[in-house]
Student: 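Pasting a structure here, questions to come.
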Amino acid sequence: MQKPQNIKGMRDHLPQAMLLRQYIINTLTVVFERHGFEPLATPVMEYAETLEGKLGDDEKLIYRFEDHGGRKLALRYDQTVPLARVVAQYAGQLALPWRRYAIGPSYRGERPARGRYREFWQADVDIVGSASPLADAEIVLVLTDALAALGFPSFTTLINHRQVLGGIARASGLDDVAASGVYRAIDKLDKIGTDGVREELLRSGVTDAAATRILEMVLLEGQAETVLSELGHRLQGDERALAALTNLRAIVAHLQAMGVSPERYALAPRLARGLSYYTGAVFETISSHWPEGSLLGGGRYDELIGLFANRQVPTVGLAFGIDRLHDVMEELGLGPRLQTTAQVFVTIFSPEQMAASLQLTQELRGAGLNVITALDADAGLGKQFKEADRKGIRYVLVQGPDDLARDEVVLKDLGSGEQRSVPRAEVATTLRALVKTTRR
RNA sequence: GUGUCUGUAGCUCAAUGGCAGAGCACCUGACUGUGGAUCAGGGGGUUGUGGGUUCGAGCCCCAUCAGACACCCCA
């Protein structure tokens, strides 16, 4: 027999982990739908051609293979390119602007590391068919509400614009080729510090004077308005960069109007982001509890859908990393600590009482409780209590001959060790009240 | 993709190139119409896998698979 083993970078999620993952997914779904986003699902496989030519260097990470008919296929690399395909394919059926969300797995053939897997889940939200900065602001609002709903105590969404980066490169006298090295260098600011970035800039052929100018702009921090006006001074004469600043100013104004706390976002000229399809504003949310990388990232990509459709469809969106959210929440103790789905364990006193126990069980299920029974009518109560305890089920019911005669049920709380007799007719309401206060 | 390290029971780890072990967990029993605690017993291993060196390999060498870390990049 072959040794049971996972494929590199692919993980199993056992029940306890799945319960937290499902909580995350459910919470995100509720928040997304509260903002009117609609669900979309697409296959994990696409024609390789669909995914190629959209990602730049990252394409080497795409899983490619042939099916039995020799078709060249690929596993999706993210949920954004499939969205672009869908928008082009169902153009007549979708009323734009369209807010959609998608939660599912994507695949990248990277070397696995902490918070980085070959199969990973993302929760995407996108607003398709709107170039308004209000759409950009709405995406930031949704992510802020979502992380708050999950209970994150501190996080900051960094906001930048592709044309601010472009302006910084141009102001330093760099062509587009040299610029990509600059973006990569400044994106590492938080990691390698000012001196590290300067070193890397010089190494990629930037002059000392240019490096100083770049660093001056990249290091700008503080109130969004201050950063924007400082950048405005330094990027004077660069039409595209100034337009980007106007755009960012509008986004910030909308965020203020929406009531998003100024602590939750920051203008960050250093934010570069990798995916080559971004054209406008870019976002990334960081948490001090997760120094290794971002919890989510996104931005505006006004040209991607045009690669599939005959027209430009401006779109802005972002993707949560479910696996990273999960890891951080586990470390911080956020979310419910559920061990199992069952809330109540109904014992079977003996074969004679089995029917009564099964009937009680169904009744409780009908009342909306999650209930399991023992499967062995001959097992002693001790064994059944132990099963409930090990499963982490808090409430155990016993219905022996004496209880049946009195039309009562014994309810034991394994958390406190206390037990009491409850009239049979009141068991469901009693349990529902208990479960309501103890759950979560 | 590059580099470094790791892999022994379900888990955490021992074992100088010389008989593969401990603690916890698990199973059975003792005790009450009842879990945790205590006591008594028990089951568990092709040392990730495949080769090689050696009288002899968990230990040394090669390959491979998986994991961790740092680059690279990113969710």
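Quick note: numbers below take in every heavy atom, side chains included, and nothing from hydrogens, waters or symmetry partners. The sequence lines fix the lettering, A, B, ..., with proteins before strands; numbering per chain opens at 1.
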Student: Quick one: A:R111 CZ to B:rA68 C1', roughly how many Å, whole number?
Tutor: 11 Å

Student: Is A:R116 salt-bridged to A:D323, going by a charged N under 4.0 Å from an acidic O?
Tutor: no

Student: Find the distance A:F345:CZ to B:rU34:P and express it as a whole number of Å.
Tutor: 13 Å

Student: If you look at every strand shown and take non-hydrogen atoms under 4.0 Å, does A:Y117 touch a base, only sugar-phosphate, or nothing?
Tutor: base

Student: Do you know the tightest heavy-atom contact between A:Q163 and A:R170?
Tutor: OE1-NH2, 3.1 Å

Student: Using a 4.0 Å heavy-atom cut-off, does A:G109 contact any base of the nucleic acid, only the sugar-phosphate backbone, or nothing at all?
Tutor: nothing

Student: Indicate, with a heavy-atom threshold strictly under 4.0 Å, whether A:V396 touches base, sugar-phosphate, or nothing.
Tutor: nothing

Student: Tell me whether the OP1 or OP2 atom of B:rC73 has a side-chain N or O from A:R184 closer than 4.0 Å.
Tutor: yes

Student: Would you tabulate the pairs of protein nitrogen or oxygen atoms and nucleotide nitrogen or oxygen atoms of nucleotides 63-67 of chain B closer than 3.5 angstrom?
Tutor:
from: B:rC65; atom 1: O2'; to: A:Q5; atom 2: OE1; distance (Å): 2.9
from: B:rC65; atom 1: O2'; to: A:Q5; atom 2: NE2; distance (Å): 3.3
from: B:rA66; atom 1: OP1; to: A:K8; atom 2: N; distance (Å): 3.1
from: B:rA66; atom 1: O4'; to: A:Q5; atom 2: NE2; distance (Å): 2.8
from: B:rG67; atom 1: OP1; to: A:G9; atom 2: N; distance (Å): 2.8

Student: Not counting sequence neighbours, which residues clear ring pair (Phe, Tyr, Trp, His ring centres under 6.0 Å) with A:F152? List them please.
Tutor: none

Student: So, taking the atom named CG in A:L364 and the one named CD1 in A:I372, what distance separates them when rounded to the nearest 0.5 Å?
Tutor: 13.0 Å

Student: Under 4.0 Å between any heavy atoms, over every strand shown, what does A:K188 touch: base, sugar-phosphate, or nothing? Just pick one.
Tutor: sugar-phosphate

Student: Quickly work out the A:K60 NZ to B:rU2 C1' distance and round it to whole Å.
Tutor: 12 Å

Student: Could A:E66 and A:K72 be called an ion pair, given the rule that one side-chain N must be under 4.0 Å from one carboxylate O?
Tutor: yes

Student: Starting from P on B:rG10, measure out to CG on A:L14 and report it in whole angstrom.
Tutor: 15 Å

Student: Using the six-membered ring for Trp and the full ring for Phe, Tyr or His, decide whether A:F120 stacks on the six-membered base ring of B:rA75 (centres under 5.5 Å, planes under 30°).
Tutor: yes

Student: Please confirm whether A:Y101 and A:F37 have ring centers closer than 6.0 angstrom.
Tutor: no

Student: By the 4.0 Å heavy-atom rule, please label A:L296 as base, sugar-phosphate, or nothing.
Tutor: sugar-phosphate

Student: Confirm from the modelled atom types if A:R324 and B:rC74 form a donor-acceptor pair under 3.5 Å, side chain to base only.
Tutor: yes

Student: What nucleotide among B:rG33, B:rC69, B:rU34 has an atom nearest to a side-chain atom of A:Q419?
Tutor: B:rU34

Student: Looking at A:E52 and A:R64, is any side-chain nitrogen of the basic one under 4.0 Å from a carboxylate oxygen of the acidic one?
Tutor: yes

Student: Rounded to whole Å, how long is the line connecting atom CD1 of A:I286 with atom C1' of B:rC74?
Tutor: 15 Å

Student: From the set B:rC69, B:rA75, B:rC73, return the single nucleotide nearest to any side-chain atom of A:K191.
Tutor: B:rC73

Student: Please confirm whether any donor atom in the side chain of A:E110 sits under 3.5 Å from an acceptor in the base of B:rA75, or the reverse.
Tutor: yes

Student: What is the distance, rounded to the nearest whole Å, between atom CG of A:L158 and atom P of B:rA75?
Tutor: 13 Å

Student: Quiz question: going by heavy-atom distance under 3.5 Å, is there a donor-acceptor pair between the base of B:rA75 and the side chain of A:R108?
Tutor: yes

Student: Which residues in residues 380-390 of chain A have at least one heavy atom lying under 4.0 Å from any atom of RNA chain B?
Tutor: A:L381, A:G382, A:K383, A:F385, A:K386, A:D389, A:R390

Student: Is any side-chain N or O of A:R116 under 3.5 Å from a base N or O of B:rC73, one able to act as donor and the other as acceptor?
Tutor: yes

Student: Sorted by first residue and then second, give each salt bridge (charged side-chain N to carboxylate O under 4.0 Å, His left out) pair with at least one member in residues 400-409 of chain A; sequence neighbours left out.
Tutor: A:D403-A:R406, A:R406-A:E408

Student: Residues of residues 397-409 of chain A with any non-hydrogen atom less than 4.0 angstrom from an atom of RNA chain B: list those, numerically ordered, please.
Tutor: A:V398, A:G400, A:D402, A:D403

Student: Using heavy-atom distances to pick each residue's nearest nucleotide on RNA chain B, tell me which of A:D323 and A:E200 is more 5'.
Tutor: A:E200

Student: Where each pair must be Watson-Crick or G-U wobble with both distances under 3.5 Å, what dot-bracket representation of RNA chain B is obtained, with crossing pairs in [ ] and other-strand partners as |?
Tutor: (((((((..((((....[..)))).(((((.......))))).....(((((..]....))))))))))))....

Student: Which whole number of Å gives the distance between the P atom of B:rG43 and that of B:rC69?
Tutor: 39 Å

Student: May I have the distance from A:L28 (atom CG) to B:rA75 (atom C1'), rounded to whole angstrom?
Tutor: 13 Å

Student: Nearest-Å distance, CG (A:D124) to C1' (B:rC74)?
Tutor: 14 Å

